[in-house]
Amino acid sequence: MVAELCAIKHVLEGRGKALYLVPLKALASEKYEEFKILEDLGIRVALSTGDFDTVDPSLARYDLIIATNEKADSIIRHRPQWIEQVSLIVADEVHLLGEASRGPTLEALLTTLMITNPKAQFLALSATIKNAAEIAEWLGASLVTSEWRPVPLKEGVCFRDSVIFKDGSVIRVDGPDKDPVTLLTVDVIKSGGQMLIFTGSRLSAVSLARRLSEPVRRLLKRRDERRLLELSSTILRLGERTRISEMLSRAVSHGVAFHHAGLTYEQRKAVEEAFRSFLIKCICATPTLAAGVNLPARRVLIYEYRRFEPGYGQTNIPVLEEKQMAGRAGRPRYDKEGEAILLARSESERDFLLEEYVLSEPEKIWSKLGVASSLRSHVLATITTGLARSEEDLFDFFSRTFFAHQYGLHSFKKKVAECLEMLTKETLVECQGRHLIPTRFGMRVAELYIDPVSAVIIRDALRLRRSGLPPISYLTLICHTPDMPKLYIRKREMEPLVSFLESNSDLFLFDLPDEDDPEYESLLEEVKTALLLKDWIEESPEDSIVERFDVGSGDIYSFVESARWLIHSAHELAKLFGFTESITPLRNLYLRIENGVKEELLPLVSLRGVGRVRARALYSAGFKTLEDLRAASPLDLIKVPQIGPETARLIKEQVGGTVSKEEWSLMRSKKTSKQLSIDEY
DNA sequence: CGTATACTTTTCTAGACAGCATGTC
DNA sequence: CTAGAAAAGTATACG
């Protein structure tokens, strides 16, 4: 509300545009829906995330622009004029600054905006921050704190059948069951509330949901039971049937659901919506639901406060994260208070949890901009945007960052200089005397929004100028870049991966580490990820990919998305450097990744208006090449399922066939008439 | 020799942002 | 912040 009022003031008083920054796409959409009512006041609201548009020049027409941090950063790299008119910058969930992977982007973005828009107002928001004053100081802002909450929150710890709250009050839950999780769940549902349980792994989310299914089902009203059965079958129809969707469907029929990133977007949305409409009584979730969309419940149970972290083992989650989860407790308008409960397994653990979480404040936020991988790309961006034209400019810029604010500039200078050295050595930047000038390569890398290291890996590989390579060569290449997320390797998978590697070593576009090299294991991860992508473009059924790689459908989509982005980037770099023999293979691979199709469908899928489904339909109707399509009459084309008059016309336009006047008018008349069956056509 | 039981070894582990182009049945 | 639970495998006891 504070941000909203502030934005209204800025726009209506004609002071300038407002930019609203959020960390998640889902949050961006949510805010967009929320702020759209401002259009009644004549304020034009736009949404800009990676899902919706590129750097859209029409954004200049809007007054309030909602964007993810990364999207806003990317927009700035394309240097549009309208940025100058921004007079209010809202940074929602600003505690993200302390997150290693994505905090630096927000930090660089805010620093840039402070420099380019020195008169703008900065409004940073967070519910869980200890050193808020320090961040305010960095932003040149004043700190405003408020303890107000729409629904009061009670935090406590549960051991056996009793819960001790922060304020000293104690509640006891009892029932025939001895299991405290079941007791707490049944208790809150009986009194008309809902339960949200956070677990530390996907597996425990799923198994907990199964465990609670029976007790929850017994509490269901007849009417809900019927609607849940409908929802249960809807979930199976949302996508290809997999083991996970079957388990989810079964749980949902009992009024329970699990929620993690292995689910598809649609499945997750379905679960969230059913929870909001009180249909689903209990969700067992990984931290997916801790941040992000607003999905409160009367009672929140933190079932596991430890989580595995690679390189560290089992670690206690930060208090900040625990407070984020606890903050989900209490549904405005429905609950008069919310309860957030940590689960203890022993008496000493109960005391530990009370002390370390319930009564603790969240940790301080520390800048993570010093991490080399993120620093590189921000040093480059500072140069390509023209913000730094010399080394001094560069240090000036970085002296304005939160990192410099917290740690001082001294140690930082060396890190920045190292990044600069790497960028000049790899010719992303040129030094001419004191001047720093981005090369075309550097410019393109900044715009493509990839890590300079990824770009160098791709360039060096394509520079081998090898032609006639199969898709797996390019797939392993992009999986070799730091921008590509990777699959875990299981012990039993080592063997087949090693043998694949040995028999195909001539297909790799980069040097392979030795078997005793610590890099070797990450190479296997890369190969495994590449093999998943290969299955995808060969149209393996989703369920077979799920089984073979032990991933969820949601994981498949996120791997495919990242691969699509990097293949596109590789294609652009091939064009930039004139690596002609790679341009067409990369273009084809892009089409196949995007649509998830076999090679035989390539010519069809390359047409506008034809994706996976229509390509398949055309192919099985006998139209296998562009030549077949050129020879075909449009009236034959519309006999193909999935192909209507519009698409037929579009296809004909692209393959350069002729459409006679009669055919044309016939098609147009069909277009406006009620849709006919294939037989009628 | 088969099987129950105790002890040892192995396996496995959260999430999600970015480019660009296009628009049906 | 540097693990711990569950599954799988193996040894031993017992009838």
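Chain naming here is simple, since letters A, B, ... match the order of the sequence lines and numbering starts at 1 in each. Computed from heavy atoms alone, side chains included, the values below leave out hydrogens, waters and symmetry copies.
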Trainee: Does the side-chain ring of Y312(A) sit on the six-membered ring of the dT2(C) base, less than 5.5 Å centre to centre and under 30° in tilt?
Mentor: no
Trainee: Would you kindly give the NE2-to-P distance between H378(A) and dC17(B), to the nearest whole Å?
Mentor: 16 Å
Trainee: Where the side chain of Y488(A) is concerned, which of dC20(B), dG15(B), dT13(B) is the nearest nucleotide?
Mentor: dT13(B)
Trainee: Please pick, from dT24(B), dA3(C), dA14(B), the nucleotide with the shortest atom-to-atom distance to any side-chain atom of S201(A).
Mentor: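 Of the options given, the side chain of S201(A) lies nearest dA14(B).
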Trainee: Counting heavy atoms from C-beta on, name the nucleotide in dG19(B), dC12(B), dG15(B) closest to the side chain of H568(A).
Mentor: dG19(B)
Trainee: Applying a 3.5 Å limit to both distances, which nucleotide forms a Watson-Crick or G-U wobble pair with dT24(B)?
Mentor: none
Trainee: Answer yes or no: is there an ion pair linking E561(A) with R564(A), defined by an N-O contact shorter than 4.0 Å?
Mentor: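 Salt bridge between E561(A) and R564(A), a charged N being under 4.0 Å from a carboxylate O: yes.
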Trainee: Taking E572(A) first and then K575(A), would you say they form a salt bridge - that is, a charged N and a carboxylate O separated by under 4.0 Å?
Mentor: yes
Trainee: Among dA3(C), dT13(B), dA18(B), which nucleotide has an atom closest to any side-chain atom of D550(A)?
Mentor: dT13(B)
Trainee: Classify the nucleic acid contact of R587(A) as base, sugar-phosphate or nothing, counting any heavy atom under 4.0 Å across all strands shown.
Mentor: nothing
Trainee: Side chain of R608(A) only, heavy atoms from C-beta on: which candidate in dG19(B), dC17(B), dG23(B) is closest?
Mentor: dG23(B)
Trainee: What do you reckon, are the aromatic ring centroids of F577(A) and F441(A) less than 6.0 Å apart?
Mentor: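 Centroid distance F577(A)-F441(A): below 6.0 Å, so yes.
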